[in-house]
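No experiment lies behind these values; they were computed from the predicted model shown.
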Amino acid sequence: MSGNQFILILVVFLWNYGSCQGYPKVRLSGSSVPHSGRVEIFHNGAYGTVCDDGWTIEATHVVCRELGFRKGETFHYDSIYGPGGGEILLDNTRCRGDEASILDCDHNTIGRHDCTHAEDIAVTCISLPITEPPPPPRERFELRLRNPNAVEPIFEGILEMQLEDDKWRTICADDWNIDAARVACGHLGFKTAYKPTAKYKNKDYKRKTMIRTSVECVGTESLLSDCEIDELEHRKYCKSRKAVALKCEPAEYGHKFSNRPNPIGTGKKPEKKPGKNNSPEVQSEQGNYNPEVRIKAGAYIGEGRVEVFHAGKWGTVCNVGWNLVSASVVCRQLGFGSAKEVIFDAGFGQGIGPVWLWNINCKGNEKSILDCYHGSWNGSSCTHYDDVGVRCNVPKHDLKKDVRIAGGRWGSEGRVEVKVDNTWGYVCGDSWDMLDALVVCRQLGLGYARQSLPSTRYYGNRPRGAMIMSEVHCTGKEWSLMDCPHTIRTNTTCSLPNARAGVICDVALPDVILDVHRLREYLYLQDLPRHLLRCAAEEGCLSEAPDNYGGSRRLIRFSSVIMNRGLAVFKPFLQRNDWVWHACHLHFHSMEVFSTYDLISRDGEKVAEGHKASFCLEDTECDPGHTKRFTCTTEQGISVNCKDNYKHSIDCQWIDITGVKSGNYILKIHVNPDRFVGETDYDNNEIQCELYYSGYSVSPGRCHYSYDL
């Protein structure tokens, strides 16, 4: 190598080294304050922006902590700090929230995107920076129960811990007590502990692997690693000469498989004598129970927004006083183990109804969250932005062994394949829907189901292998696809050769909810002559009943205000070039059935019906601090914490009740009824209103979400 070549290489190295050292990996731009701005990352010697597709509050926390702030406060769409000037570097960013850098999150290949700078994401961080270093973390480790003769979930066996060397070690049984056993069982995902009943031979204890002893727990810790644990210098110092054996109580079972915890996530208390303060009895597939607490909108079993039942109505919990101790009470009440993580700031989306609980103070041994001290019911100034959630420790299941996805553009989508008798095959897509896809995405640890694919022909050439599963009918509550009703048959025949079912999974989805108060505010009766309803008739918005005298139709009109309280924007599932043009109304339908309207008699008979197509999904109004993004003339959708108002004066915003007799009825409205657009929660999409029709007017009574029944 010549001297000139060496100098050139050295100059290039020093230039690149200086560039890497002199520029932060992430910065906020376009704002006059340091804690808010457009997110930009440094790559290949220049800064570029980040697209807002898939962006969540977890990604905001990662960016803010990387910049030295405590956490994120909110994030902003629509390039509110102006468009960036560089390349768009990240798209479809998906963070868990505990990554050290935004580049550690899942995302498309750097530079690969389908965005413009109008979609540059911006964030606002909590302005108070971290001034003191956090205390050193305790030693963390995984636990398992070793029992060669048991099947998952294993709830009795020799307790083992996995340390940083990835080796499994036993714990000396000296000073082990029921408090430590309860914590260990909670760590493993079980509700509580019992005295072990199995007999173990000396070889089962594996004394040579002992590495810890003298575990001291209070009994309310979330993880065994939170207890005081001494290091065992040598196995000969274990006086009992035994390793810890553990027996945990399996969760409250309501599922058809007796070794699976109740997937519904509804807590139960011991039966009480009837009284005026007792909650109403509810019938479910588990039988009769008095519901007190539930978790909603989580992607996985054992996680979600915490909701409690009081005064005949479900409501949420405020973050004041919320911690791992109170969250563990909820988890154990639901039949799971202790709390693994507490979620703040509506991390699972905003709930509805009252914010019932606040200022919670639990000791940790309560049977119910309602047994903890708390402030007066609905007596705080909290809003649904303060709603809390939880991630519980759940028993381990080997759920991925019988299902996989393949052939997709990336790991979160593809054809669904199942293994039966050690042979992999495909699932027929004839009856495949979003609830089936939801179970698959959860089972594989890929989050929510964004889209169910009855056919996957566009994933490439026809794959080899037989169609072996069909007629899948999941409720969405199951742990695995095999738990759903289905048919296994070699060489199953589907309606189309390429009808192989598939899924597209995502970590963040919207959650649309109908505004009950606005519905009651604009609900009235109107008679209109048929000649003014020509376009509505073409769209099937009139009943087949004969016209009234004079050729008029009698309509119950109302407004539908749809709120998006989820974690991502609500968009039509069809691409714009697939929308249907309606010449009479001179607009496109992005979804042919966006809402359904039914009038139900007291004996359950449907006496009238209607529907509404989505011709203009837009941000009519947004919460303070949130910017409108979607309009009819540009891109359609509903942003997070924004609303779309279908006014009562719009065509088809009614039920045609021509010919219906007077009486008491139920008005039922269902948004996204076919679940064509993926959501975090489908249970809150339907409301029911008591309605009295006198023959000349309508009077609404009590309105409620169907899942409150």
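- Contact annotation: the side chain of Ile513 never approaches that of Asn685 to less than 4.5 Å [non-hydrogen atoms, C-beta and beyond].
- Judged by distance alone, with hydrogens and angles left aside, the side-chain atoms of Thr192 form no donor-acceptor pair with the main-chain N or O of Glu249 at under 3.5 Å.
- The salt bridge (Lys or Arg N to Asp or Glu O under 4.0 Å) test with Glu307 is passed by exactly one of Lys296, Lys313, Arg294: Arg294.
- Rounding to the nearest 0.5 angstrom, the gap separating the OG atom in Ser412 from the CD1 atom in Ile405 is 6.5 Å.
- Between Phe190 and Phe336, the ring centre distance reaches or exceeds 6.0 Å.
- Across every non-hydrogen atom of Leu599 and Val660, the tightest pair is CD2-CG1, 4.4 Å.
- A salt bridge between Arg565 and Glu679 is absent, with no side-chain N of the basic residue lying under 4.0 Å from a carboxylate O of the acidic one.
- We find that Asp436 and Arg675 are not joined by a salt bridge, their nearest charged nitrogen and carboxylate oxygen being 4.0 Å or further apart.
- Side-chain contact, Glu618 with Gln636: no donor N or O sits under 3.5 Å from an acceptor N or O.
- The minimum heavy-atom distance between Gly610 and Ile655, with the atom names listed, is N-CG1, 4.5 Å.
- Side-chain contact between Ile343 and Val390 is absent, with no heavy-atom pair separated by less than 4.5 Å.
- When atom types are taken as modelled, the side chain of Glu99 and the backbone of Cys95 share no donor-acceptor pair closer than 3.5 angstrom.
- No hydrogens or angles considered: a donor-acceptor pair under 3.5 Å links the side chains of Asp619 and Ser639.
- Considering only residues two or more places apart in sequence or on other chains, Arg489 meets the side chain to side chain donor-acceptor pair (under 3.5 Å) condition with none of them.
- Between Tyr646 and Phe594, the ring planes are tilted. Angles from 30° to 60° get that label.
- Ile669 is listed as a side-chain neighbour of Leu519, based on a closest heavy-atom distance under 4.5 Å.
- For Glu417 against Ala406, the heavy-atom pair with the smallest separation is OE2-CB, 3.6 Å.
- Looking only at distances, a side-chain donor or acceptor of Tyr300 sits under 3.5 Å from a matching main-chain atom of Gly445.
- At a threshold of 4.5 Å between non-hydrogen side-chain atoms, the residues Asp515 and Lys643 count as touching.
- Separation of atoms CZ (Arg94) and CG (Asp106) is listed at 7.5 Å; rounding is to 0.5 Å.
- To the nearest 0.5 angstrom, Thr93 atom OG1 is 8.0 Å from Asn108 atom CG.
- Going from atom OG of Ser595 over to atom OH of Tyr597 covers 4.5 Å, rounded to the nearest 0.5 Å.
- At least one donor-acceptor pair closer than 3.5 Å links the side chain of Glu478 to the backbone N or O of Thr475.
- Contact between Ala608 and Ile657 at its shortest, heavy atoms only, is CB-CG2, 4.2 Å.
- No donor-acceptor contact under 3.5 angstrom links the side chains of Asn147 and Glu156, judged on distance only.
- Counting only distance, with no hydrogens or angles, the side chain of Lys612 and the backbone of Asp651 share a donor-acceptor pair below 3.5 Å.
- For the side chain to side chain donor-acceptor pair (under 3.5 Å) test, residues two or more places apart in sequence or in another chain that qualify with Gln350 are Asn641.
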When you look at Glu119 and Arg629, which way does the salt bridge (Lys or Arg N to Asp or Glu O under 4.0 Å) test go after all the steps? CA-CA 10 Å; Glu119 300 170 81; Arg629 172 180 177 183; 3.6 Å; yes
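- The CH2 atom of Trp55 lies 10.5 Å from the NE2 atom of His107; values are rounded to the nearest 0.5 Å.
- Panel note: side chain Arg450, backbone Ala508; a donor-acceptor pair is recorded below 3.5 Å.
- Side-chain atoms of Ser601 and Asp603 include a donor-acceptor pair closer than 3.5 Å.
- Considering all non-hydrogen atoms of both residues, Leu435 and Tyr682 come closest at CD2-CD1, 4.3 Å.
- Taking each heavy atom of Leu514 and Tyr705 in turn, the nearest pair found is O-OH, 2.6 Å.
- By the 4.5 Å heavy-atom criterion applied to side chains, Val440 and Arg442 are not counted as neighbours.
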Run the side chain to side chain contact (heavy atoms under 4.5 Å, CB included) check on Val420 and Met482 step by step: do they pass? CA-CA 10 Å; Val420 178; Met482 289 296 181; 3.9 Å; yes
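- Side-chain contact between Gln443 and Leu481 is present, with heavy atoms from C-beta onward closer than 4.5 Å.
- Side-chain contact check for Gln688 versus His704: some heavy-atom pair is nearer than 4.5 Å.
- With 3.5 Å as the limit, one finds a donor-acceptor pair spanning the side chains of Ser560 and Gln653.
- Salt-bridge check for Asp598 with Lys606: passed, with a basic side-chain N closer than 4.0 Å to an acidic carboxylate O.
- No side-chain donor-acceptor contact under 3.5 Å links Glu413 to the backbone of Trp410.
- Judged by distance alone, with hydrogens and angles left aside, the side-chain atoms of Asp387 form a donor-acceptor pair with the main-chain N or O of Gly351 at under 3.5 Å.
- At distances below 3.5 Å, not a single donor-acceptor pair connects side-chain atoms of His187 with backbone N or O atoms of Cys185.
- Counting heavy atoms from C-beta outward, Val640 and Pro510 have side chains that stay 4.5 Å or more apart.
- Atom CE of residue Met469 and atom CD1 of residue Ile488 lie 4.0 Å apart, to the nearest 0.5 angstrom.
- At distances below 3.5 Å, at least one donor-acceptor pair connects side-chain atoms of Asn564 with backbone N or O atoms of Gly566.
- Relative to the six-membered ring of Trp168, Arg144 meets both conditions, a distance below 6.0 Å and an angle of at most 45° to the axis.
- Ring orientation note: the planes of Trp479 and His397 are tilted relative to one another, at an angle of 30° to 60°.
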